[in-house]
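A short worksheet on the structure shown next.
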Number of protein chains: 2
Amino acid sequence: MQKYSKQTRVLLAVDCIIFGFDGDELKILLIKRAFNPEKGNWSLMGGFVQTDESVDQAANRILKDLTGIEGVYLEQLYTFGDPHRDPTERTASVCHFALVDLNKYEAQLSNDYHAEWFPLKRFPKLIFDHNDMVEMAKKRIRYKAAFHPILFELLPDKFTLPQLQNLYESVYNTTIDKRNFSKRVLATGLLIKLTEKDKTGSKRGAFFYRLNTQNYYAKFQAFLNFIPNPDTLRY
Amino acid sequence: MQKYSKQTRVLLAVDCIIFGFDGDELKILLIKRAFNPEKGNWSLMGGFVQTDESVDQAANRILKDLTGIEGVYLEQLYTFGDPHRDPTERTASVCHFALVDLNKYEAQLSNDYHAEWFPLKRFPKLIFDHNDMVEMAKKRIRYKAAFHPILFELLPDKFTLPQLQNLYESVYNTTIDKRNFSKRVLATGLLIKLTEKDKTGSKRGAFFYRLNTQNYYAKFQAFLNFIPNPDTLRY
DNA sequence: GCAAAAGTGTTTTTGTTACACCCATGT
DNA sequence: ACATGGGTGTAACAAAAACACTTTTGC
């Protein structure tokens, strides 16, 4: 079959913003770019979409190749298409974000992949338009997490209510009444209380919970309330 | 500067789903494709991103070139990147959706551009993955319009509350109590009541309203409630 | 004078917020 | 025994839902 003649072909890239939570603040995973231009500068995880590979597959492959991470929450965010965003050659980038349990990967990342976690509140200048991408991803997470249970993806399988509350307080840079918070999250029916306690955070210990995966998938797309006064939130 | 060698270059397209409201139901604007493959078959408005043109600019240009429509609400939806979505040659499509006042363009469209409005509930089979695009756009609109005042973009500058309610009822395929509906929308502070009445819909006539553009832009990103029981909505 | 659509208010129910004390345990 | 963080209930308030009648006017 004949081709579309006289049209510009461009490079198609995928970039991924990987979010993690260390129990205290949100972090993003960055890597030192391995090739020119901007070799050695901090960058998001990125790569080119290969022949016979979908954008989706490319995002998962790049995540795996650059960090060893796979099977995590990954969502398409936005396509950045300024003609000069990469000075080398025209490249459109389909930006994604991922949410991972940071503790699960911490060791492997710095040893095997030379990737580093940086606090979302202070991280280096990134190559090209990657800072814009992070800004957009941050807004998207805050937007989506107000109504959908995506932040659980940042926690281990077993977690405590105080841990969960810390996470929400950190993402929204606010403090939440713990009585109201536990009522709200338990009312979603997404959590199962375990008999085991986490004794690392206090003498008394806090009960572990885990996700009810049935309900989690069933209600993922519903509008659940996770934060107070969501109507005052901007994105 | 050297290029990225050994990488696949692909065509970058933009497709636009254009939504309109005829007072009774949601419609989408389709066009008969002008070139091969699939020449003569129904298609979304689409075209290739040109050299030195951003994806954003391309979306606006394509809208203008194919329909004469400009200056309307246009939002990036999703990038479709299956390697075989266009059998001719690998093409990634950055899909957008637009919301327009259908009455403003109706005549010009069929006379000058041979585009046609089809009801969202029954429209022909489209080329490539365009049906998937429409499906996703439909979900996105329902999702977004539950909390943000985007549906006003589908109405003329002057509109009545019954017209507005028809629109919401049509988008959500439901019926809404008119007393609660008017309370909800007037409580947003987005509407200004005019002295003039629309006498076409009834003998008594219904008051026209127009948007308070100040408040519209200020509150566009806030979470406003436009529909009953949004928590039961899926997207 | 009646049919057809517009407009309006109140009560009930539900959900959200504010708020303070006791508990368990390691030291 | 005390310091530290974990856990819980209730009352006040705000928001949403349910609900029915009157108004206008062209025919």
Side-chain angles (χ1 to χ4, degrees), chain A residues 23-24 146-147 155 158-170 172 174-210 219 222-233, chain B residues 23-24 145-147 149 155 158-170 172 174-210 219 222-233:
Chain A
D24 184 46
F147 294 110
L155 294 174
K158 294 189 298 187
F159 54 87
T160 67
L161 287 186
Q163 281 168 12
L164 184 65
Q165 183 168 346
N166 270 345
L167 172 55
Y168 275 90
E169 290 183 337
S170 165
Y172 292 101
T174 185
T175 57
I176 307 176
D177 182 277
K178 63 180 172 179
R179 291 163 289 194
N180 294 339
F181 182 77
S182 78
K183 259 182 290 179
R184 243 196 310 273
V185 301
L186 294 176
T188 62
L190 260 44
L191 297 193
I192 295 171
K193 189 177 190 170
L194 305 181
T195 49
E196 191 187 355
K197 278 186 165 186
D198 168 32
K199 309 278 286 183
T200 62
S202 72
K203 294 154 185 170
R204 181 180 178 177
F207 280 104
F208 277 119
Y209 287 78
R210 65 172 178 82
K219 295 187 178 177
F223 289 93
L224 309 169
N225 265 20
F226 289 99
I227 57 163
N229 299 315
D231 50 311
T232 62
L233 181 66
Chain B
D24 185 47
F147 294 110
L155 294 174
K158 296 189 298 186
F159 53 86
T160 68
L161 286 185
Q163 280 168 13
L164 184 65
Q165 182 168 347
N166 270 346
L167 172 53
Y168 275 89
E169 290 183 339
S170 164
Y172 292 101
T174 184
T175 57
I176 307 176
D177 181 277
K178 62 180 171 177
R179 291 163 290 192
N180 293 339
F181 182 78
S182 76
K183 260 181 286 179
R184 243 196 309 273
V185 301
L186 295 176
T188 62
L190 260 44
L191 298 193
I192 295 170
K193 189 177 189 170
L194 305 180
T195 49
E196 191 188 354
K197 278 186 163 185
D198 169 32
K199 309 278 286 184
T200 62
S202 71
K203 293 156 187 171
R204 180 179 177 179
F207 280 104
F208 277 119
Y209 287 79
R210 66 174 177 81
K219 295 188 179 176
F223 288 93
L224 309 168
N225 263 21
F226 289 99
I227 57 162
N229 299 313
D231 50 311
T232 61
L233 180 65

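Chain identifiers are assigned alphabetically (A, B, ...) following the order of the sequence lines, protein sequences preceding nucleic acid strands; residue numbering begins at 1 within each chain.
- Among the protein residues, B/Asn229 comes within range of the sugar-phosphate backbone only, with heavy atoms under 4.0 Å from sugar or phosphate atoms but none that close to a base.
- The distance from atom CG of A/Leu224 to atom P of C/dT16 is 11 Å, rounded to the nearest whole Å.
- Mapping A/Gly201 and A/Lys193 onto DNA chain D by nearest heavy atom places A/Gly201 at the nucleotide closer to the 5' end.
- Between A/Phe147 and B/Phe147, the angle of the ring planes stays under 30°, which puts this pair in the parallel group of the 30/60° scheme.
- Closest approach of B/Ala206 and B/Ser202 over heavy atoms only: N-OG, 4.4 Å.
- Using a 4.0 Å cut-off on heavy atoms, the residues of residues 178-189 of chain A that approach DNA chain D are A/Lys178, A/Arg179, A/Lys183, listed by number.
- Residues meeting the side chain to side chain donor-acceptor pair (under 3.5 Å) test with B/Asn225, sequence neighbours left out: none.
- For residues 185-210 of chain B, every residue pair satisfying the salt bridge (charged side-chain N to carboxylate O under 4.0 Å, His left out) rule, not counting sequence neighbours, is listed here: B/Lys158-B/Glu196.
- Residue B/Gln163 contributes atom CD, which lies 13 Å from atom C1' of C/dA5 at whole-angstrom precision.
- The main-chain N or O of A/Ala146 is found under 3.5 Å from a side-chain atom of A/Tyr172 such that the two form a donor-acceptor pair.
- Considering B/Thr188, B/Leu190, B/Val185, B/Leu191 in turn, B/Leu190 is the only one that fulfils the side-chain contact (heavy atoms from CB on, under 4.5 Å) rule with B/Pro149.
- Protein chain B contacts DNA chain D from D/dA16 to D/dG26, reading 5' to 3' and using non-hydrogen atoms of the protein with a distance under 4.0 Å.
- In this structure, B/Leu191 atom CG and C/dG7 atom P are separated by 12 Å, rounded to whole Å.
- The separation between A/Phe226 atom CZ and C/dG15 atom C1' is 16 Å, rounded to whole Å.
- Across all strands, A/Asn225 comes closer than 4.0 Å only to sugar-phosphate atoms, never to a base (heavy-atom distances).
- In terms of modelled atom types and a separation under 3.5 Å, the side chain of A/Asn229 and the main chain of A/Thr232 share no donor-acceptor contact.
- Under a 3.5 Å cut-off, the side chain of A/Gln163 and the backbone N or O of A/Gly23 do not form any donor-acceptor pair.
- Look at CD on B/Glu169: it is 14 Å from P on C/dA5, rounded to the nearest Å.
- C/dG7 atom P lies 7 Å from atom CZ of B/Phe207, rounded to whole Å.
- Across all their heavy atoms, A/Glu169 and A/Ile176 have their closest contact at OE2-N, 2.7 Å.
- With sequence neighbours left out, the ring-ring contact (aromatic ring centres under 6.0 Å, His included) criterion links A/Phe226 to A/Tyr168.
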- Yes or no on side-chain contact (heavy atoms from CB on, under 4.5 Å) for B/Leu161 and B/Phe207, after CA distance, side-chain angles and deciding distance? CA-CA 8 Å; B/Leu161 286 185; B/Phe207 280 104; over 6 Å; no
- Using a 4.0 Å heavy-atom cut-off, write out nucleotides 22-27 of chain C from 5' to 3' as B (base contacted by protein), S (sugar-phosphate only) or - (no contact). -BBBS-
